[in-house]
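Here the structure comes first, spelled out in structure tokens, and everything after it is commentary.
Numbering starts at 1 and runs along the sequence shown. Ligands are counted one by one from 1 in listed order, and the atoms in each one are counted from 1 as well. Bear in mind that the values here come from a model prediction, so they are computed numbers and not experimental data. For the numbers below, each heavy atom of this structure counts, side chains included, while hydrogens, waters and symmetry mates do not.
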Amino acid sequence: MKTDYLIVGTGLFGATFAYEAKKHGKSVLLIDRRDHIAGNVYTRNMDGIDVHVYGSHIFHTSNRKIWDYVNQFSEFNNFINSPVAIYGDELYNLPFNMNTFSKMWGIKTPQEAKDIIESQKAELDIDEPRNLEEQALKLVGRDVYEKLIKGYTQKQWGRKCTELPAFIIKRLPLRFTYDNNYFNARYQGIPVDGYTAIVERMLEGCRVCLNEDYDYVRKNGTLKDGTPVEYDKVLYTGAIDEYFDRKLGALEYRSVRFETERLEEENHQGNAVVNYTAADVPYTRIIEHKHFNDPDVPFTIISREYSAEWKPGDEPYYPVNDDKNGALYEKYNELAQNEENVIFGGRLGAYKYYDMDKVIEEALDLCSREF
Ligand code: UDP
């Protein structure tokens, strides 16, 4: 098999690149070590419900070009993510907005909310926040931090909020309006027949080999069945430190374990996403998949999400973008720049906390340089 590009990984980055390469008359071969395409956006239809097997994926972007791009491959519904947070026996709307503040403090107006946050901030002396805790306290004050941020963040990242970078909490909008939309993005939705269908359409006409490891291909020059593989260039979307056998040390990732269950009831929690923000509940959130796009099935499927430190053999989900890992990544990136005919990309290849739209944008930028 002779091909212009060997693409390692069939997630959104690899699939976007493959689609564009094909359009430009290049040949591609995609390999994936899993037994399915689509990486972590993979959805599987289980008895009529699209299950987000690797965690909930809600497409959102403010970039019109990216929105139009994904809409070529699928229709999107009008889902708006409006998660709720449960803390003990209290329930709050997310993201942090007037509904949250009203419930927390029994107030009604934006000025009352701002006054309370200001008074809680005044007790602190935070100029330039140095970590997630300081950033959160500065934004929303102590009550919201203690009930809705501290426990959740420590469970998700396995680190104290004082040891995490401030930017993580800035992903969440803060509003003084009664608006529960979790994203500020202009466009939002769920593909009506799942993300796997999108990737399938992107990969139409491409050769895809599943259950194939890059390490094996690179060492042997063949697929597992002995088929020779020749390629001019590699696009590698796996973990950058794994590519280099972790020879400079391991980058840290968070992994997620899902406990998925079918329940013979129509509506378990009344919402797609419910966060459990107290430290003593072992999972971070429960996803009820039917609320994304399949409200009419008579039963339901839920997934409890448990966060854990990544170890070899687990799936890496989130890069831990603190200073220590940032410095190590830079060293790997230097090696990557000197690696001839290999391009690194995607959340794992770039070691960045990218959303889906950013992954596609980065892939398209790469394509415009490459083709
Ligand atoms: N977060 C929080 N409480 C919540 C939800 C989120 O403190 O109820 C914080 C937490 O630090 C998390 C970050 O906000 O890591 C980003 O959350 P997001 O929902 O964007 O994470 P993702 O969906 O990527 O897992």
Inset, instruction - Classify the angle between the aromatic ring planes of His52 and His289 as parallel (below 30°), tilted (30 to 60°) or perpendicular (above 60°). - result: tilted

Legend entry - Distance under 6.0 Å and angle within 45° of ring axis: Arg262 vs Phe299: yes

Legend entry - Partner of Thr300 under side-chain hydrogen bond (donor to acceptor under 3.5 Å, both in side chains), chosen from His268, Lys290, His291, Glu288: Glu288

Inset, instruction - Run the numbers for me: atoms of ligand 1, each under 4.0 Å from some heavy atom of Thr277, listed by number. - result: 8 (O)

Legend entry - Per atom 7 (O) of ligand 1, closest listed option by heavy atom (Thr153, Ile168, Asn81, Val274): Thr153

Inset, instruction - Please state whether the rings of Phe371 and His24 are parallel, tilted or perpendicular, taking 30° and 60° as the class boundaries. - result: parallel

Inset, instruction - Using a cut-off of 6.0 Å, state whether more than 12 heavy atoms not belonging to Glu75 lie near its atom CD. - result: no

Inset, instruction - Answer side chain, backbone, both or neither: which part of Arg285 comes under 4.0 Å from ligand 1, heavy atoms only. - result: side chain

Inset, instruction - Looking only at distances, please establish whether an N/O atom of ligand 1 is found under 3.5 Å from an N/O atom of Leu148. - result: yes

Inset, instruction - For atom 25 (O) of ligand 1, find the nearest protein heavy atom and state the residue, atom name and distance (0.1 Å precision). - result: Tyr318 OH, 2.5 Å

Legend entry - Nearest-neighbour protein heavy atom for atom 15 (O) of ligand 1, which is reported as residue plus atom name and distance: Trp157 NE1, 2.7 Å

Inset, instruction - Just jot down the ligand 1 atoms closer than 4.0 angstrom to any heavy atom of Tyr182, in number order. - result: 5 (C), 6 (C), 17 (O), 18 (P), 19 (O)

Inset, instruction - Check whether NZ of the Lys or CZ of the Arg Arg257 lies under 6.0 Å from the centre of the six-membered ring of Tyr306 and within 45 degrees of that ring's axis. - result: yes

Legend entry - Atom indices of ligand 1 within 4.0 angstrom of Gln156 heavy atoms, with elements: 12 (C), 15 (O), 25 (O)

Legend entry - atom 9 (C) of ligand 1 [closest protein heavy-atom partner, distance rounded to 0.1 Å]: Ile169 CD1, 3.6 Å

Legend entry - Aromatic ring pairing Phe101/Trp105, orientation class (parallel under 30°, perpendicular over 60°, tilted between): parallel

Legend entry - Protein contact of atom 16 (C) of ligand 1 - nearest heavy atom, named by residue and atom, plus distance: Leu172 CD1, 3.6 Å

Legend entry - Atoms of ligand 1, numbered as shown, that sit under 4.0 Å from any heavy atom of Leu94: 8 (O)

Inset, instruction - Compute the shortest N/O to N/O distance between Tyr353 and ligand 1 and return yes if it is under 3.5 Å, no if not. - result: yes

Inset, instruction - Taking all heavy atoms of Leu30 and all of Gly9, pick out the closest pair and write down the distance. - result: CD2-O, 4.1 Å

Inset, instruction - Quick one: look at Leu164 and ligand 1, take heavy-atom pairs under 4.0 Å, and tell me if it's side chain, backbone, both or neither. - result: neither

Legend entry - atom 20 (O) of ligand 1: nearest protein contact (heavy atom, Å): Arg171 NE, 2.9 Å

Legend entry - Atoms in ligand 1 flagged as close to Ile149, the criterion being non-hydrogen separation under 4.0 Å: 7 (O)

Inset, instruction - Using a 4.0 Å heavy-atom cut-off, say whether Asn275 meets ligand 1 through its side chain, its backbone, both or neither. - result: side chain

Inset, instruction - Please determine if Tyr152 has a nitrogen or oxygen closer than 3.5 Å to a nitrogen or oxygen of ligand 1. - result: no

Legend entry - Charged tip of Arg304 within 45° of Phe258 ring normal and under 6.0 Å: no

Inset, instruction - Determine the interplanar angle of the Tyr42 and His36 rings, folded into 0 to 90°, and report it as parallel if under 30°, tilted if 30 to 60°, perpendicular if over 60°. - result: parallel

Legend entry - side-chain hydrogen bond (donor to acceptor under 3.5 Å, both in side chains) partner of Arg175, the single match among Asn97, Thr100, Asn184: Asn184

